[in-house]
Amino acid sequence: MAQTEASHPVQVVLCLPILRGLTGNQVLLGMKLRGFGAGHVVAPGGKIEPGENPAQAAARELQEETSLVAESASLEPAARVNFRFPANPAADMDCTVFLASDFSGMAEPSDELAPAWYPVGHLPLAKMWQDSSLWLGRMLLGERFDVLVLMAQDNESVARFHTIPWPGNGIPEQPLTDADFPSAR
């Protein structure tokens, strides 16, 4: 059965809660326990459900996977990342990444994620997807951008990586497409 344009690439979100403290900032990540990416440390997130906008999906996923509650209107868009898996195109994802600095509750494990707080300067990159080392720290330090990650044939390592800085502080109005990265072709 052929994929429809509406379902491919899959539209997903990530939501990174940030604790700001006197000794530095911490970010909530977690060990993925099942499904795509199991065994990697990842950010809370998942698919956008019908009727949701990306911020609503990010707030819902954050609560489902960590028990933390954030209002969708308080989430800060921080990056758009297109993940391409040439060896497995069905895994292609277009991801909107949000930061949450206004949230309530205590992070609790779910059947999807075992959450833990990490200092922003000491991310568990060896346990994360390889691409994380190329963009996550930069984003947590305030850079805002679009990213294209082309995975290698092993679906684990990065074959090519490209960024385009956002013009200003807000998310660009135009949707991100692969054509926005001419050097990636």
Side-chain angles (χ1 to χ4, degrees), residues 11-33 37-49 52-83 93-149 158 161-173 176:
Q11 301 299 304
V12 299
V13 292
L14 298 176
C15 189
L16 294 148
I18 306 292
L19 280 178
R20 302 188 194 288
L22 295 175
T23 59
N25 296 339
Q26 294 185 20
V27 61
L28 186 72
L29 302 168
M31 179 62 68
K32 181 77 167 156
L33 301 175
H40 288 94
V41 172
V42 299
K47 295 177 185 173
I48 299 173
E49 299 294 337
E52 287 182 320
N53 66 40
Q56 291 167 334
R60 176 185 51 76
E61 288 286 347
L62 179 66
Q63 185 171 11
E64 288 176 1
E65 293 187 356
T66 71
S67 297
L68 295 179
V69 177
E71 294 296 324
S72 61
S74 72
L75 300 180
E76 176 191 346
R80 295 186 298 185
V81 185
N82 284 2
F83 295 98
M93 292 179 273
D94 289 351
C95 180
T96 305
V97 184
F98 293 90
L99 300 179
S101 57
D102 185 16
F103 55 88
S104 61
M106 297 290 292
E108 301 287 339
S110 66
D111 61 347
E112 290 274 337
L113 199 69
W117 292 98
Y118 295 92
V120 168
H122 293 86
L123 300 174
L125 296 172
K127 297 177 182 177
M128 300 180 80
W129 286 92
Q130 185 187 44
D131 65 272
S132 299
S133 67
L134 302 172
W135 64 271
L136 182 58
R138 292 171 48 198
M139 185 198 69
L140 291 171
L141 291 174
E143 288 185 51
R144 301 294 178 255
F145 42 70
D146 291 333
V147 179
L148 177 63
V149 178
V158 175
F161 176 84
H162 304 275
T163 62
I164 299 172
W166 285 0
N169 293 332
I171 191 168
E173 290 183 26
L176 177 62

Problem set entry | Residue pairs, two or more places apart or on separate chains, that pass side chain to side chain donor-acceptor pair (under 3.5 Å) and touch residues 102-111 | Arg34-Asp111
Problem set entry | Ala57: partners by side chain to side chain contact (heavy atoms under 4.5 Å, CB included), with sequence neighbours left out | Val13, Ile48, Glu52, Arg60
Exercise. Out of curiosity, Leu28 CG to Thr66 OG1, how far, rounded to the nearest 0.5 Å?
Worked result: 6.0 Å
For this session: Taking the side chain as every heavy atom from C-beta outward, state whether Met139 and Leu16 have any atom pair closer than 4.5 Å.
Result: yes
Seminar exercise, completed: Rounding to 0.5 Å, atoms CH2 (Trp135) and CG (Leu140) come to a distance of 8.5 Å
For this session: With sequence neighbours excluded, give me every salt bridge (charged side-chain N to carboxylate O under 4.0 Å, His left out) pair touching residues 16-32.
Result: Lys32-Glu112
Exercise. Are Val27 and Leu136 close enough, and set up right, to give a side-chain contact (heavy atoms from CB on, under 4.5 Å), and what steps lead you there?
Worked result: CA-CA 11 Å; Val27 61; Leu136 182 58; over 6 Å; no
Seminar exercise, completed: Rounded to the nearest 0.5 angstrom, the CD-CG distance for Glu61 and Leu113 is 10.0 Å
Exercise. Under 4.5 Å between any side-chain heavy atoms of Pro124 and Leu29, yes or no?
Worked result: yes
Seminar exercise, completed: Residues Pro109 and Ala114: closest non-hydrogen pair is CB-CA, 4.4 Å
Exercise. Are any non-hydrogen side-chain atoms of Ile171 and Thr96 less than 4.5 angstrom apart?
Worked result: yes
Problem set entry | Heavy atoms of other groups near Glu71 CD, more than 12 under 6.0 Å | no
Problem set entry | Heavy-atom donor-acceptor pair, Arg144 side chain to Pro165 backbone, under 3.5 Å | no
For this session: Please report the closest heavy-atom contact between Pro44 and Glu65, naming both atoms and the distance.
Result: CA-OE1, 3.3 Å
For this session: With sequence neighbours excluded, tell me which residues meet side chain to side chain contact (heavy atoms under 4.5 Å, CB included) with Leu134.
Result: Val158, Phe161
Exercise. With Pro172, which residues qualify under side chain to side chain contact (heavy atoms under 4.5 Å, CB included), at least two apart?
Worked result: Arg80, Asp146, Trp166, Pro167
Exercise. Hey, what do you get for CE (Met93) to NZ (Lys47), rounding to the nearest 0.5 Å?
Worked result: 9.5 Å
Problem set entry | Stepwise side-chain contact (heavy atoms from CB on, under 4.5 Å) test for Asp94 and Leu176 | CA-CA 8 Å; Asp94 289 351; Leu176 177 62; over 6 Å; no
Exercise. Which pairs with one or both residues in residues 116-142 pass salt bridge (charged side-chain N to carboxylate O under 4.0 Å, His left out), sequence neighbours excluded?
Worked result: Arg138-Glu143
Exercise. Roughly how far, to the nearest 0.5 Å, is CG of Asn82 from NE2 of His162?
Worked result: 12.0 Å
Exercise. In Å and rounded to the nearest 0.5 Å, what is the CD to SG distance from Gln63 to Cys15?
Worked result: 11.0 Å
Seminar exercise, completed: For Leu75 and Ala59 the tightest heavy-atom approach is CD1-N, 3.8 Å
For this session: List the atom of Ala100, the atom of Ala70, and the distance in Å for their closest heavy-atom pair.
Result: CB-CB, 4.5 Å
Problem set entry | Heavy-atom pair of closest approach, residues Cys95 and Phe83 | CB-CE1, 4.0 Å
Problem set entry | Which residues share a ring pair (Phe, Tyr, Trp, His ring centres under 6.0 Å) with Trp129, sequence neighbours left out | Phe36, His40
Exercise. Considering residues at least two apart in sequence or located in another chain, which fulfil the side chain to side chain contact (heavy atoms under 4.5 Å, CB included) criterion with Gln26?
Worked result: Leu19, Trp117
Exercise. Do the side chains of Ser72 and Phe98 get nearer than 4.5 Å, heavy atoms only?
Worked result: no
